[in-house]
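By convention in this document, chain letters (A, B, ...) are assigned in the order of the sequence lines, proteins followed by strands, and residues within each chain are numbered from 1.
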Number of protein chains: 2
Amino acid sequence: MAGSTTALAQEEAGTLHEQIVNKLRGVLLNGELADGARIPEALLCLRFGISRTPLREALKVLAAEGFVELRPNRGSIVAPIDPVEVAHLFEMKGAIEHMIGRLAAVRATGEDVARIEQAHGELALHPDPAAYTALNQEFHRALAAATHNPVLLQTYDNLQKRVLRLRFVVNENPQRVLESFGEHEGIMVAFRARARLDLAERLEEHNRLTGEAVRRALKGENA
Amino acid sequence: MAGSTTALAQEEAGTLHEQIVNKLRGVLLNGELADGARIPEALLCLRFGISRTPLREALKVLAAEGFVELRPNRGSIVAPIDPVEVAHLFEMKGAIEHMIGRLAAVRATGEDVARIEQAHGELALHPDPAAYTALNQEFHRALAAATHNPVLLQTYDNLQKRVLRLRFVVNENPQRVLESFGEHEGIMVAFRARARLDLAERLEEHNRLTGEAVRRALKGENA
DNA sequence: GGACGATTTTTTGCATTCAAAAATGATCCG
DNA sequence: CGGATCATTTTTGAATGCAAAAAATCGTCC
C-alpha cells in the first residue's frame with residue numbers, strides 16, 4: 001500500500017525539486033495563486049524553506065506541463081485559463097477517454113474492478129460537491145489505470161490535472177454533479193458488461209458533457 | 001518563414017535552459033548517447049559552453065518528457081528503450097491518430113491541405129530511408145496540425161519524439177518504407193475525400209502497423 | 001496637476017561554491 | 001591470491017553570489 005496509487009499525493013521522498021514540483025502544483029491546483037498572477041520566487045522559497053535553484057527547476061517542469069508560463073526576464077506566471085484552450089483540453093481528453101473505455105473493458109483485473117466499484121459506490125454516498133471532486137477523480141483514474149498502459153495513464157494524469165484547476169467553477173453546480181453521477185451509472189453498466197465500444201462511447205460522451213458544463217460555467221463567470 | 005513550423009528545429013532564441021532542452025533532446029534523438037548510458041553533466045556543460053545550472057534544469061524537463069531517467073544521487077541516464085513501453089507508446093499514439101483523422105478531415109484549411117499534399121508529394125520522390133524519416137515526420141505532423149488543437153498537437157509531438165528514437169531500428173527497412181508509403185496513399189485518398197472515419201481508421205491502422213514493424217525490429221535487434 | 005525621465009530597488013538568469021553522497025581505488029587480512 | 005574495509009576522488013544536489021534586465025520610485029519639467 002505504498003503511496004503511488006493517489007495521483008495527487010504530495011510525495012515526501014525523492015529529490016527536492018520533485019517534491020517542489022508536486023507541492024507547487026498543489027498550490028496552483030488549489031487556486032492559491034490566481035490565474036495570470038506572478039509567481040514570486042523569493043516568497044515560495046521562504047514558504048518551502050528551500051533555495052531558488054530547486055524552485056526554478058520545478059518551475060521549468062511545471063511550464064513543460066502547462067501549468068506555468070515562463071516569460072524570459074520577466075518572471076513566471078500562473079498559466080491563465082483560456083476558454084479556447086479548455087475546449088482543446090477536453091477534446092484531447094475525449095480521445096483518451098475513448099481509448100480508456102476500449103482497453104479497460106478488456107484488461108481490467110479483479111483488483112481494478114474492485115477499486116472502480118468502490119470509488120463508484122462511495123461516490124453514491126457523497127453527493128456533496130466537496131467530497132465529489134476527489135472521489136470523481138479516483139473513479140476516473142481507476143478506469144484509466146485499468147488500461148494497464150502507463151503511457152496512457154501519464155498522459156491522462158497530465159491532462160486531468162490541468163483540467164482540475166477548473167473544478168471550482170463547475171463542481172459548485174449540484175445539478176451537474178447529479179447528472180454526472182447518472183452518467184457514471186451508465187458507465188458502470190457498460191463496464192460490468194465489459195462492453196468495449198459502449199463503455200468507450202459513454203466515457204467520451206461523459207467527458208464531452210463535463211467539458212460543456214465547464215465551458216458554460218466559464219462563460220457565466222466571464223459575463 | 002520564421003521557424004516555428006518545424007517541430008524539431010533547435011531554436012536559438014529564448015532562455016538558455018530552453019535551448020539546452022532542445023539541443024540535448026537532439027543529442028538523445030540522434031542516438032549519440034546510447035540507451036541507459038549515463039549522462040555526464042560536466043562533459044555536456046563543456047560541450048554546450050554553459051554551467052551546470054541550466055543543464056540540470058533541462059534534464060528535469062527531459063525527465064518529465066520521458067527521455068531521461070533521474071536517479072537521485074546516482075546521476076541521470078538516457079531512458080532505456082523498453083519494448084513493453086514502446087508498445088504502450090504506440091497504443092497511446094493510436095488514440096491520438098484516430099482523433100487526428102476525425103478532426104483534420106473536417107478542419108483542415110487550404111494551407112493545411114497544401115502542406116500535407118506537399119509533404120506527401122516529396123515523400124513520393126524520396127524513397128531513400130534517409131530523407132524518408134524527416135519527410136514522414138513532416139507529413140504526419142502536418143496532419144496533426146490540421147486539427148487546430150494545440151493541446152493535441154503538443155501531446156502528439158511529445159509521443160512522436162519519444163518514438164523517434166527508434167527510427168534507427170526501423171527505417172533501415174526499405175520493405176516497411178514502401179509499405180508505409182502505400183498506406184500514406186490510402187490516407188491521402190481518405191483525406192482528400194474528407195472522409196472522417198475512414199481517415200481516422202487508416203491513420204490508426206498505419207500507426208499500428210508502424211508499431212508492429214518497430215516491435216519486430218526491436219525483437220530482431222535483441223535476439 | 002500630470003507626464004516624462006533618471007535613479008534606485010527588486011527580480012531574474014546563470015555561474016560558482018560547498019556539503020554530502022556515491023564511485024573508485026588502495027590497503028590489509030584471511 | 002581473493003575479498004572486505006577504509007581513504008581518496010569524483011559526482012551529485014542545493015545554496016549562495018554576481019551581473020544584467022526589468023520594475024518601482026522619485027524628482028523634475030511642462
Side-chain angles (χ1 to χ4, degrees), chain A residues 3-4 9-28 32-80, chain B residues 9-28 32-80:
Chain A
S4 94
Q10 288 166 23
E11 307 275 334
E12 290 180 13
T15 60
L16 198 39
H17 103 272
E18 208 175 333
Q19 292 174 46
I20 301 299
V21 166
N22 288 321
K23 285 189 194 174
L24 191 48
R25 186 165 40 216
V27 168
L28 299 183
E32 287 183 51
L33 275 70
D35 285 28
R38 281 189 47 153
I39 296 174
E41 292 187 6
L43 210 93
L44 290 169
C45 288
L46 231 59
R47 167 166 178 174
F48 295 134
I50 52 159
S51 81
R52 281 176 57 219
T53 307
L55 184 88
R56 299 182 99 254
E57 288 171 351
L59 284 174
K60 308 295 193 275
V61 171
L62 289 173
E65 287 182 11
F67 287 97
V68 164
E69 203 170 294
L70 259 46
R71 304 168 308 169
N73 289 324
R74 310 194 55 246
S76 317
I77 60 173
V78 181
Chain B
Q10 288 166 25
E11 308 273 333
E12 290 180 14
T15 60
L16 198 37
H17 102 272
E18 210 175 333
Q19 291 174 48
I20 301 298
V21 166
N22 288 323
K23 286 189 193 171
L24 190 49
R25 187 167 36 218
V27 168
L28 300 183
E32 286 183 52
L33 275 70
D35 285 28
R38 282 190 45 151
I39 298 173
E41 292 187 5
L43 210 94
L44 290 169
C45 287
L46 231 59
R47 168 166 178 174
F48 295 134
I50 53 160
S51 83
R52 281 176 57 221
T53 308
L55 184 88
R56 300 182 97 253
E57 288 172 351
L59 284 175
K60 308 296 192 277
V61 172
L62 290 173
E65 286 181 12
F67 287 98
V68 164
E69 204 171 292
L70 260 47
R71 303 169 309 169
N73 288 325
R74 311 194 56 245
S76 317
I77 61 173
V78 181

* Mind running side chain to side chain contact (heavy atoms under 4.5 Å, CB included) on A/Leu16 and A/Phe48 for me, showing each step along the way? => CA-CA 10 Å; A/Leu16 198 39; A/Phe48 295 134; over 6 Å; no
* To do: Would you please test A/Arg56 and A/Glu41 for side chain to side chain contact (heavy atoms under 4.5 Å, CB included) and show each step?
  => CA-CA 8 Å; A/Arg56 299 182 99 254; A/Glu41 292 187 6; 3.3 Å; yes
* Criterion side chain to side chain contact (heavy atoms under 4.5 Å, CB included) on A/Leu24 and A/Leu59, from CA distance to verdict -> CA-CA 8 Å; A/Leu24 191 48; A/Leu59 284 174; 3.7 Å; yes
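Taking atom CD on A/Glu41 and atom C1' on D/dA21, their separation rounds to 14 Å, with Å as the unit. Computed from coordinates, the B/Leu44 CG to D/dT12 C1' distance equals 15 Å when rounded to whole Å. Atom CG of B/Leu59 is separated from atom C1' of D/dT12 by 12 Å (rounded to the nearest Å). Atom pair B/Leu46:CG and D/dT11:P shows a separation of 12 Å (rounding to whole Å applied).
Take A/Glu65 and apply the salt bridge (Lys or Arg N to Asp or Glu O under 4.0 Å) test, not counting sequence neighbours, and it matches A/Arg25. For A/Arg38, the salt bridge (Lys or Arg N to Asp or Glu O under 4.0 Å) criterion is met by no residue, not counting sequence neighbours. When the salt bridge (Lys or Arg N to Asp or Glu O under 4.0 Å) test is applied to B/Arg47, the partners found at least two apart in sequence or on another chain are B/Glu32.
Residue B/Lys23 holds its NZ atom at 8.0 Å from CD1 of B/Ile50, rounded to the nearest 0.5 Å. A/Glu57 CD to B/Glu57 CD: the interatomic distance, rounded to the nearest 0.5 Å, is 6.0 Å. With values rounded to the nearest 0.5 angstrom, A/Leu62 atom CG is found 8.0 Å from A/Ile39 atom CD1.
Listed by residue number, the members of residues 68-75 of chain A with any heavy atom below 4.0 angstrom from DNA chain D are A/Asn73, A/Arg74.
Contact annotation: the side chain of A/Val68 approaches that of A/Leu70 to within less than 4.5 Å [non-hydrogen atoms, C-beta and beyond].
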* Sugar-phosphate means primed atoms, P, OP1 and OP2; the rest is base. With that split, encode nucleotides 15-20 of chain D 5' to 3' as B, S or - using protein heavy atoms under 4.0 Å. => BBB---
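In 5' to 3' order, the nucleotides of DNA chain C bounding all contacts with chain B (an atom under 4.0 Å from a heavy atom) are C/dC14 to C/dA23.
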